[in-house]
Each structure stands twice: as structure tokens, then as C-alpha cells.
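Note that the coordinates shown come from a computational prediction; the quantities given were computed from them, not determined experimentally.
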Amino acid sequence: MLGATQFAMTANSKSVPAEDLKQAIIVIRHADDPAADRNGVSDTPYVQKDGERLSAKWRAICPSWPQYTNIHNKQTTEANQGIENGFLTTFTPHTSVTVFQHGLTAVGELQAERLSKELSGILATRGFSQVKRAITLNPCPDAASPNPFDTIYPFLKNDPTFTGANNVKDKGKLLLIDNQSPKTSGYVADGFQAMLDTQSLLPAEAEGGGSTLLCWEGHALMGDSIKDPKSVLCQLAGATLTNMGACGTQITKGNVLYIFTKRDGSDPGTSDPKQDYNLDIYEVLANSPNEIGKLTWTYSYVVTRTGDFPTVTTTVLQYSKDLERSK
């Protein structure tokens, strides 16, 4: 997190004191992985623990694959061990993470690398606090999907704020949630749903604040429709933004960021305890669907509430019909 004497630059080039930085929940779907045909057979098999066919790029990113040992040196890694009455119970620290397989395609690996290079700059230019917590699927159990973890791993490894490069005590925290746990709501793991229900995705002030990077699989993020109240995006957006179509931008693999920021005055305990969020969407706009491209701010939704009557201001920031939305 930025120190008290440091500043972030916003989009209009004004400095923002660290204490005025907004916490953000950055949501991204995992990067590109092998597609399955109608029989459920992938066109390219996942790389198993034997490491055969692992790309040179990924070997360079994680030389000790399938064991990610540098997690212990730079971050605190935890995996939930149980749910009791809908709340997370105990966490067990890991000294390293050993994955069962690797599933990102060559494009997916480039998308993970792009996130690592661009996310911190996006947050800084917008006056959002840097990432101090990351939440994703636990990739350790056999047959667990490693794709969400691998999507954010280059960022976790290289981001100086998250790794605590300047001050070890300020290192970020990675929470790994078992996706195999019961899914009472339908498709969101109970351990994850408990965090949504208790509005505990963001680090508390006692933890030093900061933003949260959330990477998950598509079905839980999007649900069965753009207004599915059980989907993660609609739960975060709430009825106010969802009804205004804010969840209508398809969160394609690795190419879209949903950035939720708490609306001023909506914190629990304030005169308006309802937790409304504003939403910014970043998409990859490129010359062709196959181009890696760059994450670009395309939409903004700002909630204004007077009593019980919320209104939403929608702004289209950048979109050209000459550019493709990368799939």
C-alpha cells in the first residue's frame, strides 16, 4: 500500500493522497484455456504434474513448477478448511503451493502476463489502492482447476505492493478457496459465498486496507443470465446496477475487468448502510479478436442515492466500432 507521503496519479493527472485512495474489488475471469467440444473433450490436454508440454514461458515464470515455492517467501497463502453456519472457520497457512496441472493456453499465458504488467498502473491512474489481497480457487486438490490461480500468479509474483518488496510486514495475502466445497446457492462455493454475504472481500482497515483481486471461473461469475441474482457479478453490483444493465458486458476469459468501488457514504454503520458500489469496466479492444491488445476503460456506472431512490449515471468512455472486443 502506498505510504502516507506518497501519491497516486488519477486519470485527470491530479495527485491523490494515499489516505484518499479508494479500495477496489477487481474481478477477472480466468485466462484462456483449452476449449472442450460437445462431448467435453479438450482440444489441447492440460499439462499434468510430469511437466511434459509445459511451455518455456511458464517454466520461466515458475521454474519450480508444479510447486510454487516463492509464494511462501513473498505472500501468506491460506486455504479454507471448513464452513460452519455459512461462515469461514479455520485457515491453514501453506509454505508452498503444488498444483495438479496447468491449463492455460499460449494465449492465456500472455493474458496472465498482460494483467501482471497493466493492473497496478490502472489502479494508480484511477486513484484506487493497490492490491493487498487476492482470492481465487484453491488449485492444490487433484483435478482442481489451476486456471484462475495461474491467471493471477504472474501478478502475485511480480507486483511490488503485493510482495511487500519495500516492507515485508506489508506483504499481501492470498486466500485460496476450495471450489469442491458444497455449493448451496447453486454454483458459488459456500466458502466464497460466505465472504460475499458478509461483505468481507476487501481487507479491513486493521489489515492495512488495500484492494482485492478476485479471479474465478465463468459460471459462478456470470450465472445463467446477465441478471442472475446468484451470480458473483450481480451480487456485487446489487439490484441498482444490475437493473441498469451494468452486468451486460460479457466477462470473457482474461480480457475483461469489472472494478467495483464502494460508493461514498454507503459503508455499514453510516446513515445509508446499504452497500452500493460504483463500477468501472475495462476491456481489451484490439484490431482483431486474436490480438492480445491492452486493457482499456470502456464503461463507468456511478450510483447516486437520495433516500431510497438510487439513480445511475452511465458513461461510455471508449469504444470504437473499428476495434474488436477480444473474445
Side-chain angles (χ1 to χ4, degrees), residues 26-68 70-71 97-119 122 134-159 174 176 179 187 213-222 232 249-258 282-296 323-327:
I26 305 105
V27 183
I28 185 170
R29 186 180 176 186
H30 68 72
D32 189 67
D33 60 349
D37 62 22
R38 65 181 59 188
N39 296 316
V41 179
S42 296
D43 52 14
T44 304
Y46 278 34
V47 178
Q48 303 301 319
K49 282 184 178 178
D50 57 21
E52 292 185 15
R53 301 183 309 279
L54 190 69
S55 71
K57 175 179 285 291
W58 206 256
R59 287 191 187 279
I61 291 173
C62 184
S64 59
W65 192 90
Q67 187 178 64
Y68 294 76
N70 63 321
I71 292 285
V97 170
T98 300
V99 300
F100 175 70
Q101 55 191 353
H102 176 69
L104 299 186
T105 63
V107 170
E109 291 176 357
L110 291 173
Q111 291 172 331
E113 187 176 18
R114 179 185 60 209
L115 180 71
S116 175
K117 292 178 178 178
E118 296 184 10
L119 179 56
I122 289 172
I135 302 172
T136 193
L137 277 68
N138 183 6
C140 302
D142 284 359
S145 172
N147 299 339
F149 171 78
D150 280 350
T151 299
I152 62 174
Y153 176 71
F155 175 85
L156 305 182
K157 176 183 177 182
N158 296 315
D159 182 71
L174 170 64
L176 301 176
N179 200 37
Y187 35 74
L213 174 60
L214 168 63
C215 187
W216 213 259
E217 51 85 19
H219 190 207
L221 292 179
M222 297 182 293
V232 173
T249 299
Q250 186 178 15
I251 190 164
T252 55
K253 294 178 181 179
N255 281 327
V256 178
L257 300 180
Y258 270 65
Y282 281 71
E283 301 177 74
V284 173
L285 302 180
N287 293 311
S288 72
N290 297 322
E291 184 179 329
I292 291 299
K294 185 177 181 179
L295 289 162
T296 303
L323 295 175
E324 294 280 352
R325 280 179 160 78
S326 293
K327 303 298 188 291

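Tested against Val99 for a side chain to side chain contact (heavy atoms under 4.5 Å, CB included), the candidates Pro141, Ser145, Cys62, Pro66 yield a single pass: Pro66.
With sequence neighbours left out, the side chain to side chain contact (heavy atoms under 4.5 Å, CB included) criterion links Arg59 to Leu54. Evaluation of the salt bridge (charged side-chain N to carboxylate O under 4.0 Å, His left out) rule for Glu109 yields no partner, not counting sequence neighbours.
Smallest separation of non-hydrogen atoms from Val256 and Ile28: O-CG1, 3.7 Å. Residues Ile251 and Val27 approach most closely at CD1-O, 3.9 Å, considering heavy atoms. Of all heavy-atom pairs between Leu104 and Ala112, the closest is CD1-CB, 4.4 Å. The heavy-atom pair separating Leu137 from Phe149 by the smallest distance is O-CB, 4.3 Å. The shortest non-hydrogen separation linking Pro148 to Thr136 is CB-OG1, 3.0 Å. Counting all heavy atoms, side chain and backbone alike, Pro34 lies closest to Gly103 at CD-O, 2.8 Å.
Using a 4.5 Å cut-off on side-chain heavy atoms (C-beta onward), Thr151 and Gln111 make no contact. Under the 4.5 Å side-chain criterion, counting only non-hydrogen atoms from C-beta, Val284 is in contact with Arg114. In this structure, the side chains of Gln101 and Pro146 come closer than 4.5 Å at one or more pairs of heavy atoms. Using a 4.5 Å heavy-atom cutoff, the side chains of Thr98 and Cys140 are not in contact. No side-chain heavy atom of Leu295 sits less than 4.5 Å from a side-chain heavy atom of Leu119. Side-chain atoms of Pro139 and Val97, non-hydrogen and from C-beta on, do get closer than 4.5 Å to each other. Counting heavy atoms from C-beta outward, Tyr68 and Ile61 have side chains that stay 4.5 Å or more apart. Phe100 is listed as a side-chain neighbour of Gln48, based on a closest heavy-atom distance under 4.5 Å.
Ring geometry for His102 against Trp65 counts as perpendicular: the plane angle is over 60°, on a 0 to 90° scale with 30° as the lower cut. Classification of the Trp58-Tyr153 ring pair by plane angle, with boundaries at 30° and 60°, yields tilted.
Glu217 CD to Met222 CE: the interatomic distance, rounded to the nearest 0.5 Å, is 8.5 Å.
Within 6.0 Å of NZ in Lys49 there are more than 12 heavy atoms belonging to other residues, nucleotides or ligands.
Using modelled atom types, one finds no donor on one side chain facing an acceptor on the other under 3.5 Å when comparing Arg29 with Asn147.
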